[in-house]
Amino acid sequence: MKAVIAMLAAALLLFMAGCGEEAAPPPPSSPDPVSSQAVRQQALTPTLTLGSQVVHASVAIREEQLTQEAKEAAANTLGEARGSATVPEDGVLPGFRFSQQPDQVEASLIPAGEAGEPLFQGTLEELEGYVPPQEGAYTLDIWAGWTGEPEGFNGLAGYRVELTYQLPEDRPIQLAVDNSELRQGYCAVLRASNLPEGTTQVTAVTDMGFTPTFYPYQGEMIALMPAKYSSSVGEYHITITAGEESQDFVLSVTDGGFDVTVQEFAVDQSIANATVNNQEANITYEQVTRPLKNLGDPEKYWEGAFQLPISPEYKVSTSTFGRIRVINGSKSQHAGIDYPAPEGAQVYAPNNGRVLFAGYLQLTGNMICIEHGFGLKSWFYHLSAVEVEEGQMVKTGDPIGKVGSTGFVTGPHLHYTMSVNNVYTNPEQYLEADPVG
């Protein structure tokens, strides 16, 4: 929602800048409180007519007050819906009419009472062709902007209304895989929508060595489906079942684009003997991490794309995800990214989540695991300090620890990876976009 407001406000500011005219200073105040000059200076905020209802703006920012701080604050102040309407089975929306025709309009739709990324984002004309995944109440936020009106309102106004969608009862269940091609170490999304009321049991059977778990999200049931970095390139099969509906899909796993040069280095033998060569250290690691990997919170904590957990100055890495490494003569494929940051460098939460583990393990040293929802997790190894506690909720950019050289290491660095339950995936994909769109 903040992005919608920012884009709309930026467009208005660019439009105003392009006009090439400086606003005339306000005329001297008049003793007549109802003079035409006074009326022009205090133009009323435009109203929105929804069908036959007149809806007043919840937020209005006049042109001279259109600062970044005001825009950010506006996103959280629309409050309760000030109008409502029903969208019948034929999908025809009620008319939207403004008392003053705006220059820019952006709308976003989200299930009533929920938070997170909008199901729909675009113009009111584009909303006309949108069908939500299930019937029920939805919150529609409308941001409209005006500029260059000498006798009208100039600025940004926000309106919140509630639309109740009625959908045909005989709509077929829709099952889908959002990507028919998937790189090694990357993640697809399985979806089931148009589900009859009360249908929550959705399953998927695959030959990819992973059993997806479906979670309710914005009127659908969705599941993250990762391809292991060690998967062979080729075709795999997925069967999704929801109620009595079942559908088969073919998923092509393609090359992960891993660095093909083998990386060789040695770890001090005493460190190796205390970590990777130590049976107790390995057993303890499995006992701690296996239950964590099997967990999946039924809430999507993360918002949008992830961010780097380290300062961008350290983002260039030679120990990249999926690269073959030979350490002390033992060959393996790297399940994360090693960022070459110095001892004590700050580590940040890459997105919102719940801390599942924050402590010391002999194999990894100081370690943090964060559940971001739906089984999507981030892992941080070899820390010199841990600055969060188990069960703590963190936000994007919160400091969580410091880079160190604890556990099985050659020196200070941050080992960072992400997994869908027990399958490690390339963290770089989550920096590009929200994994569920």
Side-chain angles (χ1 to χ4, degrees), residues 185 228-230 258-294 308-311 313-350 355-370 377-390 399-419 422-427:
K228 297 178 180 180
Y229 58 71
S230 57
F258 307 135
D259 190 333
V260 296
T261 59
V262 176
Q263 187 178 39
E264 295 190 50
F265 54 90
V267 175
D268 184 272
Q269 196 59 48
S270 64
I271 294 176
N273 290 341
T275 52
V276 295
N277 297 334
N278 185 292
Q279 184 179 13
E280 183 178 350
N282 283 275
I283 291 174
T284 301
Y285 174 81
E286 284 296 316
Q287 289 175 336
V288 170
T289 61
R290 186 176 298 276
L292 303 181
K293 293 174 181 177
N294 291 332
L308 278 172
I310 198 79
S311 172
E313 64 184 303
Y314 307 122
K315 71 177 181 179
V316 178
S317 173
T318 56
S319 291
T320 52
F321 183 87
R323 186 174 186 179
I324 300 298
R325 308 193 303 176
V326 177
I327 306 174
N328 292 4
S330 179
K331 186 177 180 180
S332 64
Q333 193 169 8
H334 197 210
I337 300 175
D338 287 348
Y339 292 111
E343 186 94 15
Q346 187 67 62
V347 178
Y348 306 94
V355 178
L356 296 183
F357 182 85
Y360 179 83
L361 293 177
Q362 194 167 330
L363 185 64
T364 61
N366 288 314
M367 184 187 85
I368 295 171
C369 174
I370 299 175
K377 298 170 173 62
S378 55
W379 304 79
F380 312 84
Y381 293 177
H382 314 311
L383 303 172
S384 62
V386 171
E387 299 174 328
V388 289
E389 298 178 351
E390 183 178 328
I400 59 173
K402 298 288 180 62
V403 171
S405 55
T406 57
F408 183 61
V409 293
T410 57
H413 70 278
L414 172 65
H415 173 93
Y416 170 57
T417 192
M418 293 191 66
S419 71
N422 63 336
V423 176
Y424 292 112
T425 56
N426 192 335

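Counting heavy atoms from C-beta on, the side chains of I310 and Y348 never come closer than 4.5 Å. Side-chain contact check for L356 versus K377: some heavy-atom pair is nearer than 4.5 Å. Contact of the F258 side chain with the R323 side chain is not registered, since no non-hydrogen atoms from C-beta on lie closer than 4.5 Å. The shortest side-chain heavy-atom distance between V276 and L363 falls under the 4.5 Å cut-off. Looking at heavy atoms from C-beta onward, N277 lies out of side-chain contact with N282 at the 4.5 angstrom threshold.
One finds the CZ atom of F357 at 13.0 Å from the CD atom of E389 (value rounded to the nearest 0.5 Å). Between atom CE of residue M367 and atom OH of residue Y360 there is a gap of 12.5 Å, rounded to the nearest 0.5 Å. Rounding to the nearest 0.5 Å places OG1 of T425 at 11.0 Å from OH of Y229. Between atom CG of residue L383 and atom OG1 of residue T364 there is a gap of 8.5 Å, rounded to the nearest 0.5 Å. With values rounded to the nearest 0.5 angstrom, I337 atom CD1 is found 5.5 Å from N426 atom CG. Taking OG1 of T406 as the start and CD1 of I271 as the end, the distance is 10.5 Å to the nearest 0.5 Å.
The aromatic rings of H415 and Y381 lie parallel to each other, with less than 30° between the two planes, well short of the 60° mark.
Closest approach of L414 and P309 over heavy atoms only: CD2-CG, 4.1 Å. Looking at every heavy atom in both residues, L292 comes nearest to V288 through CG-O, 3.3 Å. Among all heavy-atom pairs drawn from P342 and P412, the shortest one is C-CB, 4.3 Å. A274 and A281 get closest at one heavy-atom pair: O-CB, 4.0 Å. Shown here for N328 and A266, the closest heavy-atom pair between the two residues is OD1-CA, 3.1 Å. Across all their heavy atoms, S405 and G411 have their closest contact at CB-C, 3.6 Å.
Legend: residues meeting side chain to side chain donor-acceptor pair (under 3.5 Å) with S330, ordered by chain and number and at least two apart, are absent. Y416 pairs by the ring-ring contact (aromatic ring centres under 6.0 Å, His included) definition with F380, not counting sequence neighbours. Applying the side chain to side chain donor-acceptor pair (under 3.5 Å) test to T289 and every residue at least two apart in sequence or in another chain returns nothing. Remark: H413 engages H382 in a ring-ring contact (aromatic ring centres under 6.0 Å, His included) (not counting sequence neighbours). For K293, the side chain to side chain donor-acceptor pair (under 3.5 Å) partners at least two apart in sequence or on another chain are Y424. Here Q269 pairs with N273 under the side chain to side chain donor-acceptor pair (under 3.5 Å) rule; sequence neighbours left out. Applying the ring-ring contact (aromatic ring centres under 6.0 Å, His included) criterion to Y339, with sequence neighbours excluded, gives no partner residue. Every side-chain contact (heavy atoms from CB on, under 4.5 Å) that E286 has, sequence neighbours left out, goes to R290.
For the 3.5 Å distance criterion, the side chains of E280 and Q362 fail to qualify, holding no donor opposite an acceptor.
Counting only residues at least two apart or on different chains, the salt bridge (Lys or Arg N to Asp or Glu O under 4.0 Å) pairs with a member in residues 338-348 are R325-D338. Note on residues 407-418: no pairs pass salt bridge (Lys or Arg N to Asp or Glu O under 4.0 Å), not counting sequence neighbours. Pairs of residues two or more places apart, or lying in two chains, never qualify as salt bridge (Lys or Arg N to Asp or Glu O under 4.0 Å) while including a residue from residues 265-278. Contacts classified as side-chain hydrogen bond (donor to acceptor under 3.5 Å, both in side chains) and involving residues 313-322 (residues at least two apart or in different chains) are given here: Q263-T318, Q263-S319, S311-E313.
Evaluated for a side-chain contact (heavy atoms from CB on, under 4.5 Å) with V386, the options N366, V347, V355 yield exactly one hit, N366.
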